[in-house]
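Just the heavy atoms: all of them, side chains too, but no hydrogens, waters or symmetry mates, feed the values below. A note on names: the letters A, B, ... follow the listed sequences, proteins ahead of strands, and every chain is numbered from 1. Keep in mind it's a predicted model, so treat the numbers as computed, not measured.
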There are 2 protein chains.
Amino acid sequence: MKQPLRIAVTGAAGAISYTILFKIAAGELLGKDQPVILQLLEIPPAMKALNGVVMELIDCAFPLVAGISTHDNPEDGFKDVDVAFLIGARPRGPGMERADLLKENAKIFSGQGKALNNFASRQVRVLVVGNPANTNALIAGRNAPDLDPRQFTAMTRLDHNRAVGILANHLSAAPTDVENVIIWGNHSPTQYPDLHKATVKDLPALAQVDRTWYENDYIPTVAKRGAAIIDARGASSAASAAQAAIDHMRDWMLGSGGKVVSMAVPSDGSYGIASGVIYSYPVVCADGDYRVLQGVPVSDFSRGKMAETNHELVDERGAIVDLLPAETEVKFNAVSHPTA
Amino acid sequence: MKQPLRIAVTGAAGAISYTILFKIAAGELLGKDQPVILQLLEIPPAMKALNGVVMELIDCAFPLVAGISTHDNPEDGFKDVDVAFLIGARPRGPGMERADLLKENAKIFSGQGKALNNFASRQVRVLVVGNPANTNALIAGRNAPDLDPRQFTAMTRLDHNRAVGILANHLSAAPTDVENVIIWGNHSPTQYPDLHKATVKDLPALAQVDRTWYENDYIPTVAKRGAAIIDARGASSAASAAQAAIDHMRDWMLGSGGKVVSMAVPSDGSYGIASGVIYSYPVVCADGDYRVLQGVPVSDFSRGKMAETNHELVDERGAIVDLLPAETEVKFNAVSHPTA
């Protein structure tokens, strides 16, 4: 049996965690031969509910779960972790401005970044799910100067999976028939689901759909899918978010099998995007690492969309710039590749 | 690629389904090479919420999902299904007596039994999760005279997994160290978690725990675990119930690998239990079938507990006897074994 890997999950008593924990514990993240130790973080008022979740994890008698611990602080919770799902975030309260939301979360994620910097495994992989995810990931990464910024990513895989699923459904195709869909930019309504490179059954996707449908129906449907699900279910899209988080981290660690997927990662300036912001790019994952796909043709339409979502991310960074430590070093050529 | 199997789930917009559907769709029930068609049933007021769940299933772009349909009636919903998870049930309302609860559910499950009888695959495997699960399974099976009663089972795997997990946790052992735990009887507080045959690390479990702890702490803790989780989480134990339902059905279809698990199945009178009631026994699953373990030694203590839960099941049957069709034929020696 392999040595257990340590998986931290924040917001562990929340709705997304209620799905993802039972998937990780069942081996859906790392396979049926990889034991895991779950390190669960919550804020103090949620510790009682978290204990209920732990009872249920025990009650499943999962063969792969080698340990479970609960923590109300990131210093203990992130001790030696190999993987961190940062799911908990401060939601927008009544009357709260977007700038306030960014700042409140900046405080949380700067603390988590520092704790990861000081206590996590040097190979830790971090996925931020809690919104505003991209800028939260930026803050966490910038507060972890001893780690490679590339170890901090944000989730646009939910948008990516939605873009694949909705396109497949529209064309009565299987999701596996769809390839090379790209989500560019921010996990927000400015995100850009790009079908210019996409194929369905090996033929160009845009040749199989109406251009008006693509621009006026598909793009806003993907971008606003979360609100549509809240309207239908009366609750947020927790299960599909959890599945997307599994997909993101599994591909990062075990490879995407040559497939293009979307991950929000620190921009190195590729495609004219502001350097340093956490921007969703097309990536291919292999050998425990991800590589931004270069040379994707960018139409004028795409360029406008990609710039708009870039602009939003630069604005978000501006709103919390006084909470960002100085950028001391660019490490994009660092030799340390986190590997499984 | 294999032919898709058709999986029906009732109560598909509810909390247990919100976990189980995303596990079935990800291949956790039948493996990563078995496509599935999901046939989702709900009552009309829940169809909007169910549509939200379907959106999320689409949004996961699951490679194994070959189709999804929604139904507000069992005749359409159970058409050609190979597997049926009967999760939806009428909960006990304010001022409702237990007899009323049994009768209200008897109506639902007699209709579902008839629809399975008339429209499902002849090899359909049925797992009743909705409470009172054992008697609901009895009603469904008795209303399906063209199917083998043995195709109708109820879930005590959650109790079984709880019994394993809580014992392992108490002894600081791994769940995989625990074998031959047995749940006898009803999925209710009268259930009997029997450790007389159980081993932990190949040594007798009861030699490793205090007898007083076993009788006065462990047995009621397992039996009342659901209430403890509601108290902690403020919500029912949906995720662990979903995992147990996956475990029950996967073992039934793919085998339990020689391991003893607990399933509530039609009693053939074994161990002095009333013939016909759906009673939880120790079983071993192989070749797509289950076999009740015979010859388990029964202590006086065990005999009393097994009789008490048997008595409750006979009482439950009595409360709805006028809604049960006459038993026309005992089919325990039927040659048709449902196989995968």
### Message
What's the separation between atom CG in L57(B) and atom CD in Q243(A), rounded to the nearest 0.5 Å?
### Response
10.0 Å
### Query
What heavy-atom pair brings A61(B) and G165(A) nearest, and what distance separates the two atoms?
CB-N, 4.1 Å
### Query
chain A heavy atoms under 4.5 Å from A163(B): which part of the residue, side chain, backbone, both or neither?
neither
### Minimum-distance pair of heavy atoms, taken over all atoms of D59(A) and S240(B)
CB-CB, 4.4 Å
#### Entry: Heavy-atom contacts under 4.5 Å, residues 188-199 of chain A to chain B
none
### Task
Mind listing the closest non-hydrogen atom pair of A239(A) and E56(B) along with its distance?
N-OE1, 3.5 Å
### Message
Nearest 0.5 angstrom please: L50(B) CG to R233(A) CZ, how far?
### Response
10.5 Å
### Query
Using a heavy-atom distance cut-off of less than 4.5 Å, which residues of residues 3-23 of chain A contact chain B?
Y18(A), F22(A), K23(A)
### Task
Flag yes if more than 12 heavy atoms outside D33(B) fall under 6.0 Å of its CG atom; otherwise flag no.
yes
### Query
Rounded to the nearest 0.5 Å, what separation is found between the CG atom of L64(A) and the OG1 atom of T176(B)?
9.0 Å
### Query
Looking only at heavy atoms, what is the nearest atom pair of G52(A) and A232(B), with distance?
CA-CB, 3.6 Å
### Task
Quick one: which of P175(A), G67(A), A66(A), A168(A) has the most heavy-atom pairs under 4.5 Å with chain B, could you say?
P175(A)
### Message
Using a 4.5 angstrom heavy-atom cutoff, name the option from I166(A), V222(A), D231(A) with the most pairs to chain B.
### Response
D231(A)
### Query
Could you give the distance from CG (N169(B)) to CD1 (I68(A)), rounded to the nearest 0.5 Å?
7.5 Å
## Note on the structure
Answer key: most heavy-atom pairs under 4.5 Å with chain A among G27(B), A238(B), A241(B), A242(B) is A238(B)
